[in-house]
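Take a look at the structure set out below.
Computed from a predicted model, the values in this text were never measured in an experiment.
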Amino acid sequence: MTSTPLTRRALLATATALPLAAALPEVADARAGWRLLAQQVDSPAKSFGLIGAGDRGGMISAPSDPIPRLKLKDGRVVIHPTQLGNLLNAHLDSYSRRPDREQLRFAATVMEALMQRTARRQGARFLAYEFNWHADGRPLPGPWYSSFGQSKFPRALHRLEQATGERKWARYRQEVVAAFHLPPLRSRPTQPWIAGVDANNCLWLEEYPSPVGRFSTVFNGHFYALAELGFYLQQTKDPLAREVVQGAAATLDFYRNYCRAPGRWSNYFANSTTNVPSYHSVNTSCYVGLWNLTGLGRVGTVSDQMFADWPYTTDTRAAGRIRVNPGVHQIQRPVGSGPGKPQVWKTTSPMVLRTTSRHRWSTATGTWLYMAEGPKSGFWVREQADLAFRVGLDTDQAIYTRPRPVLMKLGGPIVGYQWSADGVGKAVRSTSFSRSAVVPGTQRATLGGRGHILVTEGRFAGLWVRQGGRVNFQ
C-alpha cells in the first residue's frame, strides 16, 4: 500500500475526518494524499446485451424533453443518473456491435441535454439527482450527487467521442472525471461533491454525500462506482481515473475487516455498525468482485469468511428448491421474529420442495430453510449436509473471472464430483496426491450442504471438489 501526492492542485487537502466506530490500522498523514493499492486493478470490459433503438429501459419519454424519466415507487417521475447511465451505455454498447444511427442519435441527444443540466465547480461537472431523497435516516434534499451514478458517464462519453469524433465529448468526459478529485467544502455546503478522503487517508466514492460534507461510506455503492470507473480505465488508460480506481480499491482493502462482522451479517457503512441482513450477500459479492479486480489473496480470504459468517442467500434472494433426503431432521416454526421450538421430523423418502427463504437466527444453531410446500409446509428445516439443502449452484456462490489458486495437499483420497440439476452429487474421480499441487478454481458454491470448488485444470478439471481438509483456497 502506498500514498500518492495530490495531482490536482492539492484538492483533497481540505478533506474532512471520518469518525470511526471501531479500532482501525494506523492513520497515514492526510496531507500526503489518498492511499493507492500497489496491486494493479484490472477491470475487463463490461458488455451489455443488445437492445433496440427504441428501448428506454422502462423509463418514461416525453415529446418535449429528450431526457427519459424514471417513475419511483412513490409515483414521482424524476431524472435518475444511475438509470440513465445504464441506458446510455447499453445503447452505445449495442451501437458498437451492430451500428444503428438512431441509437447513436438518441445517446448523443440525451447526453447533451444532461450535460447542460450539470452543476459546475472548479472546472468539473456533476450530474444531479433532481429530487429529494434520504440516506441513513437523514434527508438528502435535491439536487444531490453520487459517485454511483457519475461513474457510469465517463465510459459513455468516451464511446460518443469514439463514434462521432466530436471534441466536445472529450471535454465533457474530462470534466466528469475531474469531479472525483474534488473534496467536500464544509464552508460552502451548497457546493456539489461526490468523493473525499477520510482520516485514514482512504478515498471514498460516496453514494450519498451529504451537503454539509458528511461521509456516508456505503461499501456497496463505493465498489460499484469503482468497478464502473475500472471499465472506463481499461478503455482509456486515463491517469486521473487510474488514481481514483487504485485509491478506491485501497479503501475497500483497508476496511475489509470492518465491513466484515464475524459471526453475523456485515456492516453497511464503514462509519457505523448499522447493518442490513439483505445486504450481506451484496457486500460479500463486492469483495468477490474486488478479488476479480485485484487478485489479492487477503481479499479472497475475507470474502470466504463472509460466506461463513452468515447465509449468503438470505430472505430476499432465496427463492428456489430444497432437497430433503430420508433421515432425521430438525424443524421449527418461528415465534414472532425469533426461532421456534425445535421438533424432530423423520422422513423415509426423498422430496424436492419449493423454498422462499434461507435464514439464520443469532439465538438458534445452524442455517434454516423455509418449506413452502410438502408435508411440513410453513416449517423451517435445518440445513444439513446430504440431508436438507438447497438445489442448484446459487447457494454461497462466487464466480471468479480471475481464477483463485486452490491448494490440494498431499495425501488422499480427494474426490471430484459432478452435480445434477436435482441436487444429487456423483463421485467421478478419486485421487491421492504424493505431493501438494496448486490448481485454478473458477467457482465456489454450497452443494449438498457442503462447500465445493470448481477446478479447471489438472486431474479434477471440470469437477467440483469439497472445500476443507486438504482442499482450500490459498
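Side-chain contact between Val406 and Asn472: absent, with no pair of heavy atoms (C-beta onward) separated by less than 4.5 Å. Side-chain contact between Gln332 and Phe379 is absent, with no heavy-atom pair separated by less than 4.5 Å. Side-chain atoms of Pro99 and Tyr95, non-hydrogen and from C-beta on, do get closer than 4.5 Å to each other. Counting only heavy atoms from C-beta outward, the side chains of Arg444 and Phe307 approach each other to under 4.5 Å. By the 4.5 Å heavy-atom criterion applied to side chains, Pro339 and Pro334 are not counted as neighbours. A heavy-atom distance below 4.5 Å is found between the side chains of Leu252 and Leu226.
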Go through the steps to decide whether Gln103 and Asp55 satisfy the test side-chain hydrogen bond (donor to acceptor under 3.5 Å, both in side chains), and finish with yes or no.
-> CA-CA 9 Å; Gln103 285 188 308; Asp55 192 329; over 6 Å; no
Yes or no on side-chain contact (heavy atoms from CB on, under 4.5 Å) for Lys237 and Arg242, after CA distance, side-chain angles and deciding distance?
-> CA-CA 7 Å; Lys237 313 303 180 186; Arg242 185 178 302 282; 3.9 Å; yes
Show your reasoning for whether side-chain contact (heavy atoms from CB on, under 4.5 Å) applies to Gln330 and Val344.
-> CA-CA 5 Å; Gln330 292 181 30; Val344 173; 5.8 Å; no
Might you work through the salt bridge (Lys or Arg N to Asp or Glu O under 4.0 Å) test for Arg450 and Asp386, ending with a clear yes or no?
-> CA-CA 8 Å; Arg450 290 188 174 93; Asp386 301 325; 2.6 Å; yes
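Taking the six-membered ring for Trp and the full ring otherwise, Phe460 and Tyr417 have centroids separated by 6.0 Å or more. Residues Trp291 and Phe473 keep their aromatic ring centres 6.0 Å or farther apart. The distance between the ring centers of His80 and Tyr129 falls below 6.0 angstrom.
The ring pair (Phe, Tyr, Trp, His ring centres under 6.0 Å) test with Tyr279 is passed by exactly one of Phe219, Tyr268, Trp310, Phe223: Tyr268. No option in Arg159, Arg155, Arg173, His158 other than Arg173 meets the side chain to side chain donor-acceptor pair (under 3.5 Å) test with Tyr232. Partner of Asp396 under the side chain to side chain donor-acceptor pair (under 3.5 Å) criterion, chosen from Thr284, Thr367, Thr446: Thr446.
Ion pairing between Asp309 and Arg260 holds under the 4.0 Å rule for side-chain N and carboxylate O. Ionic pairing of Asp93 and Arg97 is present here: one or more N-O contacts between side-chain nitrogen and carboxylate oxygen are shorter than 4.0 angstrom.
The aromatic rings of Trp368 and Trp361 stand perpendicular to each other, their planes meeting at an angle above 60°, with 30° marking the opposite boundary. Using cut-offs of 30° and 60° for the angle between ring planes, the Trp34 and His181 rings count as tilted.
Taken from CZ in Arg429 to CG in Leu463, the straight-line distance is 5.5 Å, to the nearest 0.5 Å. Here the CG atom belonging to Leu203 is positioned 9.0 Å from the CG atom belonging to Leu36, to the nearest 0.5 angstrom.
What you find for Gly392 and Leu447 is that their closest heavy atoms are O-CD2, 3.4 Å.
For the residue pair Asp42 / Gln234, a side-chain donor-acceptor distance below 3.5 Å is found, with atom types taken as modelled.
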